[in-house]
Novice: 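This is the structure I have questions about; it appears just below.
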Amino acid sequence: MKYNVAVFSYDSLHRKTYDILISLYLSGIDNVLVVAAPLVKLKGVNTDKLFTPVTYGEYEHPKDICKRFNYQYVVCPHDNFPKLKDIFNTHGTNIAIISGARILRKDVVSLMEYGVINYHPGVLPETSGLDSLYWMLENSVKPSVTCHFIDHKVDAGFLIKEQNVEINNSDTIEIVAHKMYISQIVLHKYICHNIVKGNEFEVTPILRLKKNKQMNNSQKLNALSKFVLWKDIYASN
C-alpha cells in the first residue's frame with residue numbers, strides 16, 4: 001500500500017505542526033502536502049487557559065519547515081471543498097493527518113481514500129472535545145492519549161491506538177499536560193512507521209454516546225480542584 005500524505009494545519013506558528021512535520025521528515029516520508037488554514041477567531045468559544053503547559057525549545061513556521069524539507073505548502077481554508085478537491089487530486093493525496101484544524105466537514109474527510117488521522121489528548125469517547133484534560137479530571141479518566149480516524153462527529157470515528165501516560169505524585173498539572181502532549185507525538189511516530197511500511201491500520205469503532213460540552217471557567221476550576229484526588233488514583237509513585 002502506497003500512502004501519499006497531507007497534513008491539515010494552521011497558517012501560523014504552531015508547536016504540534018512543527019513536531020508532526022519533523023517526525024514525518026525523520027521517518028523518511030517525502031512528497032508531503034501541507035494545507036494550512038488561515039487563523040479565524042471563533043465566536044462563542046472559550047479559549048481561556050487557566051494554566052500554561054510546560055514547553056521546551058523553539059519551533060518554526062510550517063511554511064519555513066516545508067521549504068527546508070521540500071514539502072508542498074498551500075494556504076486554503078479547510079472548508080473550501082472544491083479547492084481542496086483540486087489540490088488533493090493534483091497531489092495524489094490518499095491519507096491525511098491533522099496537526100491543527102477545526103471540525104472537518106464530512107465531504108472533506110471523504111476526499112481521503114484511506115482516511116484522516118487525528119491525535120487526541122485523552123481517552124475517547126470519555127474526554128472528547130476541546131476541554132479534554134478538564135474532562136479527564138472531571139470524569140476521573142485514566143491518563144492516556146489516542147489516535148483515530150475521524151468521521152463527521154467530534155472525536156469519534158475509529159480508534160487506531162491508545163497510549164497510556166505515566167504520571168507521578170510530584171507532577172503538576174502543567175507537567176501532566178506536557179506529558180499528554182509528548183505522548184501524542186509518540187503515537188505520531190507509530191503512525192509514521194506504518195505509513196513508511198505501507199501497513200493497513202487495524203481499527204475499532206469509537207462509540208460516542210454523547211458529545212462533551214465546552215466548559216466555562218467555573219467548571220474548569222472545579223475540574224482542576226479534583227487534580228490531587230485524580231493523581232492519588234493514577235500516579236505510579
Novice: Are the side chain of W135 and the backbone N or O of K213 linked by a donor-acceptor pair below 3.5 Å?
Specialist: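 Indeed, once roles are kept as given, a pair shorter than 3.5 Å links the two residues.
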Novice: Can you get from Y71 to Y10 by hopping between Ile, Leu, Val, Met, Phe, Trp and Tyr side chains that sit under 4.5 Å apart?
Specialist: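 In one cluster with Y71: Y10, no.
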Novice: Output the distance between atom NZ (K142) and atom CD1 (I233), rounded to the nearest 0.5 Å.
Specialist: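 It comes to 14.0 Å.
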Novice: Would L221 end up clustered with M136 when hydrophobic side chains under 4.5 Å apart are linked, directly or stepwise?
Specialist: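 Same cluster: L221 reaches M136 through Ile, Leu, Val, Met, Phe, Trp or Tyr contacts under 4.5 Å.
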Novice: Looking only at non-hydrogen atoms, find the nearest pair between T172 and F227 and report the distance.
Specialist: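 Of all heavy-atom pairs spanning T172 and F227, the closest is C-CZ, 3.6 Å.
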Novice: Assess the residue pair V176 and V165 against the criterion (side-chain contact (heavy atoms from CB on, under 4.5 Å)); give the C-alpha distance rounded to whole Å, side-chain angles, the decisive distance to 0.1 Å, and a yes or no.
Specialist: CA-CA 9 Å; V176 169; V165 180; over 6 Å; no
Novice: With heavy-atom distances below 4.5 Å as the criterion, would you say the side chains of L33 and F88 are in contact?
Specialist: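 They are in contact (side-chain heavy atoms under 4.5 Å apart), so the answer is yes.
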Novice: Evaluate D151 against K106 for salt bridge (charged side-chain N to carboxylate O under 4.0 Å, His left out), listing each step before the verdict.
Specialist: CA-CA 7 Å; D151 62 15; K106 186 176 181 180; over 6 Å; no
Novice: side-chain hydrogen bond (donor to acceptor under 3.5 Å, both in side chains) with D171: which residues, sequence neighbours excluded?
Specialist: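 Testing D171 for side-chain hydrogen bond (donor to acceptor under 3.5 Å, both in side chains), a comparison that skips the adjacent residues, returns K179.
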Novice: Does some side-chain heavy atom of E162 sit less than 4.5 Å from a side-chain heavy atom of L187?
Specialist: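 Not touching, per the 4.5 Å side-chain cut-off.
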Novice: Set out, in order, the CA-CA distance, both residues' side-chain angles and the distance that settles side-chain contact (heavy atoms from CB on, under 4.5 Å) for K161 and T146, then state yes or no.
Specialist: CA-CA 6 Å; K161 187 176 176 65; T146 53; over 6 Å; no
Novice: How long is the gap from CE on M180 to CD1 on I185, to the nearest 0.5 Å?
Specialist: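 Taking CE in M180 and CD1 in I185, the distance rounds to 13.0 Å.
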Novice: Is a side-chain donor or acceptor of N169 paired with a backbone partner of N237 at a separation under 3.5 angstrom?
Specialist: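 Such a contact is found between N169 side chain and N237 backbone.
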Novice: Go through the steps for D19 and Y181 under the test side chain to side chain donor-acceptor pair (under 3.5 Å), then give the verdict.
Specialist: CA-CA 11 Å; D19 288 334; Y181 172 76; 2.5 Å; yes
Novice: Can you list the steps and then say if I191 with F201 is a side-chain contact (heavy atoms from CB on, under 4.5 Å)?
Specialist: CA-CA 9 Å; I191 294 296; F201 293 98; 3.6 Å; yes
Novice: Among residues at least two apart in sequence or on other chains, which ones pass salt bridge (charged side-chain N to carboxylate O under 4.0 Å, His left out) with K63?
Specialist: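 With sequence neighbours excluded, K63 shows a salt bridge (charged side-chain N to carboxylate O under 4.0 Å, His left out) to no residue whatsoever.
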Novice: Do V5 and V34 sit in one hydrophobic cluster, given that two such residues count as connected whenever their side-chain heavy atoms are within less than 4.5 Å of each other, even indirectly?
Specialist: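 Result: yes, single cluster for both.
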Novice: Could you list the residues that satisfy side-chain hydrogen bond (donor to acceptor under 3.5 Å, both in side chains) with S9, not counting sequence neighbours?
Specialist: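 S9: no side-chain hydrogen bond (donor to acceptor under 3.5 Å, both in side chains) contacts found.
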Novice: Can you check whether F81 reaches L111 side chain to side chain, under 4.5 Å on heavy atoms?
Specialist: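 In contact.
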Novice: Distance under 6.0 Å and angle within 45° of the ring axis: does K16 meet both against Y119?
Specialist: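 Pair K16/Y119 does not count as cation-pi.
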Novice: Assess the side chains of H91 and T93: does a donor N or O sit below 3.5 Å from an acceptor N or O?
Specialist: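 There is such a pair (donor and acceptor under 3.5 Å, judged by atom type) between the side chains of H91 and T93.
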Novice: Are the side chains of I173 and L224 in contact, using a 4.5 Å heavy-atom criterion?
Specialist: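 Side-chain contact under 4.5 Å: yes.
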Novice: Do I87 and T90 have side chains that approach each other closer than 4.5 Å (heavy atoms only, starting at C-beta)?
Specialist: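 No; the side chains remain at least 4.5 Å from each other.
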Novice: So which atom in P38 and which in C76 form the shortest heavy-atom distance, rounded to 0.1 Å?
Specialist: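 Smallest interatomic distance, heavy atoms only, reads CD-C, 4.0 Å.
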Novice: To the nearest 0.5 Å, what is the distance between NZ (K197) and OH (Y3)?
Specialist: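 Those atoms lie 13.5 Å apart.
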Novice: Please check: side-chain N/O of N194 versus main-chain N/O of Y190, any donor-acceptor pairing under 3.5 Å?
Specialist: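 At least one qualifying donor-acceptor pair exists.
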Novice: Determine whether the aromatic ring centres of H148 and F158 lie less than 6.0 Å apart.
Specialist: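 They do not qualify: ring centres at least 6.0 Å apart.
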Novice: Of all heavy-atom pairs between L21 and P62, which one has the smallest distance, and what is that distance?
Specialist: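 Result for this residue pair: CD1-CB, 4.2 Å.
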Novice: Tell me every residue that passes salt bridge (charged side-chain N to carboxylate O under 4.0 Å, His left out) with D107, counting only those two or more places apart in sequence or in another chain.
Specialist: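 D107: salt bridge (charged side-chain N to carboxylate O under 4.0 Å, His left out) contacts with R105.
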Novice: Taking salt bridge (charged side-chain N to carboxylate O under 4.0 Å, His left out) as the test, write out the residues that go with E126, two or more places apart.
Specialist: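 Partners of E126 under the salt bridge (charged side-chain N to carboxylate O under 4.0 Å, His left out) test: none.
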Novice: For the residue pair H120 and G129, what are the closest heavy atoms and their distance?
Specialist: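 Closest heavy-atom pair between H120 and G129: CE1-O, 3.6 Å.
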Novice: Specify the closest pair of heavy atoms between V145 and Q184, including all atoms of both residues, with the distance to one decimal.
Specialist: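 Where V145 meets Q184 most closely, the heavy atoms are CG2-N, 3.9 Å.
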Novice: Just so I know, are the side chains of H61 and Y18 near enough to count as touching, which here means a heavy-atom distance under 4.5 Å?
Specialist: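 The answer is no; the side chains never approach within 4.5 Å.
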Novice: Using side chain to side chain donor-acceptor pair (under 3.5 Å), reason through D11 and Y73 one step at a time and then give a plain yes or no.
Specialist: CA-CA 10 Å; D11 184 32; Y73 188 83; 2.5 Å; yes
Novice: Is any side-chain heavy atom of L104 less than 4.5 Å from a side-chain heavy atom of I150?
Specialist: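 They are in side-chain contact.
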Novice: Say you draw a straight line from OG of S144 to CD of Q163; how long is it, rounded to the nearest 0.5 Å?
Specialist: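 That separation rounds to 7.5 Å.
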Novice: Please lay out, stage by stage, how H78 and R102 fare under the test side-chain contact (heavy atoms from CB on, under 4.5 Å).
Specialist: CA-CA 8 Å; H78 293 161; R102 307 301 181 192; over 6 Å; no
Novice: What class does the angle between the rings of Y25 and F69 fall in, given that below 30° is parallel, 30 to 60° is tilted and above 60° is perpendicular?
Specialist: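 Parallel, since the angle between the ring planes stays under 30°.
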Novice: Answer with yes or no whether the hydrophobic clustering places I160 together with I29; edges join I, L, V, M, F, W, Y residues whose side-chain heavy atoms lie under 4.5 Å apart.
Specialist: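 Yes, one cluster joins them.
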Novice: Just by modelled atom types, is the Y134 backbone N or O under 3.5 Å from a matching donor or acceptor in the D131 side chain?
Specialist: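 Not confirmed, D131 side chain does not pair with Y134 backbone.
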Novice: Quick one: pull up NE2 in H193 and OG in S23 and give me the separation to the nearest 0.5 Å.
Specialist: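 Rounded to the nearest 0.5 Å, the NE2-OG separation comes out at 14.0 Å.
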Novice: Side chains of T127 and S132: donor-acceptor distance under 3.5 Å anywhere?
Specialist: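 No donor-acceptor contact under 3.5 Å links the two side chains.
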Novice: If you compare all heavy atoms of N217 against all heavy atoms of L50, which two are closest, and at what distance to 0.1 Å?
Specialist: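 In terms of heavy atoms, the two residues are closest at O-CD1, 4.0 Å.
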Novice: Cluster question for you: counting only ILVMFWY and a side-chain heavy-atom cut-off of under 4.5 Å, with indirect links fine, are I20 and L39 together?
Specialist: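 Per the 4.5 Å side-chain linkage, I20 and L39 are not co-clustered.
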Novice: Answer yes or no: is there a side-chain heavy-atom contact under 4.5 Å between M112 and N94?
Specialist: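 No. Closest side-chain heavy atoms not under 4.5 Å.
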Novice: Measure the spacing between CD1 of I117 and CD1 of I97 and express it to the nearest 0.5 Å.
Specialist: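 Reported to 0.5 Å precision, the distance equals 5.5 Å.
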Novice: Once salt bridge (charged side-chain N to carboxylate O under 4.0 Å, His left out) is applied, do any residues pair with E60, and if so which ones, sequence neighbours excluded?
Specialist: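 Per chain and number, E60 pairs via salt bridge (charged side-chain N to carboxylate O under 4.0 Å, His left out) with R68.
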Novice: Within the distance-only criterion (no hydrogens, no angle test), does the side chain of N139 pair as donor or acceptor with the backbone N or O of V141 below 3.5 angstrom?
Specialist: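 Side chain of N139 to backbone of V141, a donor-acceptor pair under 3.5 Å: no, none is there.
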Novice: Spell out, as yes or no, whether a donor-acceptor pair under 3.5 Å connects the side chain of S99 to the backbone of F8.
Specialist: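 A pair under 3.5 Å: yes.
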